[in-house]
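All remarks here apply to the structure that follows.
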Amino acid sequence: MARRLRPVELDFVESAPLRLIFAAEAAAPPEAVYAALADDVAGWSSWFTGVARAAPTHGGHGREVRLTGGTRFTETVLAAEPAAHYAYRVDTSTNTPGLQALLEDWRLTPTDGGTRLRWIFAADGPAPFRWVMTLARPGLGRAFRESVRALDRRLGPA
């Protein structure tokens, strides 16, 4: 059964009790990376580690995501600035004990060779949840870097 999480806004990315920040470089330009993030939501399952299915909802203002372990999320898109910023919060979740609020924030910066992606995983939950997520940081970082490499392969030569 899905649980409703606390609705948060973009400022939560700065105030969240747990903030995991990851960065990686992609050879693709920001416009192509943004299109993969925001316009081709269904394509996430082909490049983002752990995503089994993703679909846009509410005319692109929402998303439904299913992870490979069976967890499901409904999300609301909070920022959609082409080639620059994409962010969404989780509204409902299954199989995520302790999770009370979650916002994921993607920032894209052009570089000489493509795009620098910065992903902020901003969450709230009780101390045991935050502790487990801190322990999971290396695995999340590895998954993020592998996903950016897979996205680059999917997008092809710049």
Side-chain angles (χ1 to χ4, degrees), residues 1-24 26 28 32-81 85-108 115 117-155:
M1 172 171 248
R3 274 186 318 105
R4 180 155 286 294
L5 302 184
R6 186 174 80 242
V8 294
E9 298 301 326
L10 282 174
D11 61 347
F12 185 68
V13 77
E14 298 299 329
S15 64
L18 175 70
R19 296 174 69 237
L20 304 177
I21 303 171
F22 307 98
V33 173
Y34 179 85
L37 290 172
D39 300 332
D40 185 18
V41 173
W44 278 59
S45 61
S46 68
W47 63 270
F48 198 87
T49 303
V51 173
R53 182 181 172 283
T57 62
H58 308 293
H61 297 285
R63 302 167 14 128
E64 289 182 357
V65 177
R66 182 170 42 95
L67 302 181
T68 53
T71 300
R72 294 186 178 160
F73 300 111
T74 60
E75 303 170 337
T76 297
V77 174
L78 299 176
E81 299 170 34
H85 186 203
Y86 187 63
Y88 45 89
R89 74 163 174 246
V90 174
D91 296 317
T92 64
S93 174
T94 64
N95 290 342
T96 50
L99 180 62
Q100 296 171 345
L102 175 61
L103 182 135
E104 295 184 44
D105 186 276
W106 295 76
R107 300 289 177 141
L108 311 177
T115 305
L117 290 88
R118 185 171 148 227
W119 176 46
I120 302 174
F121 182 94
D124 191 11
F129 167 81
R130 294 192 312 268
W131 179 75
V132 167
M133 292 307 300
T134 300
L135 291 177
R137 177 191 301 261
L140 283 171
R142 186 171 39 258
F144 169 73
R145 290 185 301 277
E146 289 171 1
S147 295
V148 170
R149 285 193 296 274
L151 176 60
D152 241 359
R153 287 190 300 275
R154 179 178 170 84
L155 295 176

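Residue numbers run from 1 in the order of the sequence given.
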TODO: Take Thr68 and Val51 through the test side-chain contact (heavy atoms from CB on, under 4.5 Å) and record every step on the way to the result.
DONE: CA-CA 6 Å; Thr68 53; Val51 173; over 6 Å; no

Between [Y] and [X], is there a side-chain heavy-atom distance shorter than 4.5 Å?
| X | Y | answer |
| --- | --- | --- |
| Asp124 | Phe129 | no |
| Arg137 | Phe22 | yes |
| Trp47 | Leu155 | no |
| Arg66 | Ser45 | no |
| Phe73 | Thr96 | yes |
| His85 | Leu10 | yes |

Donor-acceptor contact present, side-chain [X] to main-chain [Y], <3.5 Å:
| X | Y | value |
| --- | --- | --- |
| Thr57 | Arg63 | yes |
| Thr115 | Ala28 | yes |
| Arg19 | Val13 | yes |
| Arg107 | Ile120 | no |
| Asp105 | Ala122 | no |
| Arg145 | Gly141 | yes |
| Asp39 | Tyr34 | no |

Open item on the list: Can you classify the ring geometry of Phe48 versus Trp44 as parallel (below 30°), tilted (30 to 60°) or perpendicular (above 60°)?
Closed with: tilted

How close do [X] and [Y] get, counting heavy atoms only, and between which atoms?
| X | Y | value |
| --- | --- | --- |
| Arg118 | Ile21 | NE-CG2, 3.7 Å |
| Thr71 | Ser93 | CG2-OG, 4.2 Å |
| Gly98 | Arg3 | N-NH2, 4.4 Å |
| Ala26 | Val148 | CB-CG1, 4.1 Å |
| Pro126 | Gln100 | CD-NE2, 3.7 Å |

- [ ] Indicate whether the side chain of Trp106 and that of Tyr88 have a donor and an acceptor atom separated by less than 3.5 Å.
- [x] yes

Task: CA sep, side-chain torsions, deciding dist, call: Glu104, Leu102, side-chain contact (heavy atoms from CB on, under 4.5 Å) - done: CA-CA 7 Å; Glu104 295 184 44; Leu102 175 61; 4.1 Å; yes

Euclidean distance, [Y] [atom2] relative to [X] [atom1], rounded to 0.5 Å:
| X | Y | atom1 | atom2 | value |
| --- | --- | --- | --- | --- |
| Arg154 | Ser147 | CZ | OG | 12.5 Å |
| Phe121 | Leu18 | CZ | CG | 7.0 Å |
| Leu78 | Thr76 | CG | OG1 | 6.5 Å |
| Leu67 | Thr49 | CG | OG1 | 11.0 Å |

Task: Qualifying residue, where the test is side-chain contact (heavy atoms from CB on, under 4.5 Å) with Asp91 and the options are Thr74, Val8, Leu5 - done: Thr74

Task: Leu99 and Met133: CA distance, side-chain angles, deciding distance, side-chain contact (heavy atoms from CB on, under 4.5 Å) verdict - done: CA-CA 10 Å; Leu99 180 62; Met133 292 307 300; over 6 Å; no

Open item on the list: Tell me whether the count of non-hydrogen atoms from other residues, nucleotides or ligands lying under 6.0 Å of CZ in Arg72 goes above 12.
Closed with: no

TODO: Compute both the distance and the angle, then confirm whether Arg89 meets the cation-pi test with Phe12: under 6.0 Å from the six-membered ring centre, within 45 degrees of the axis.
DONE: no

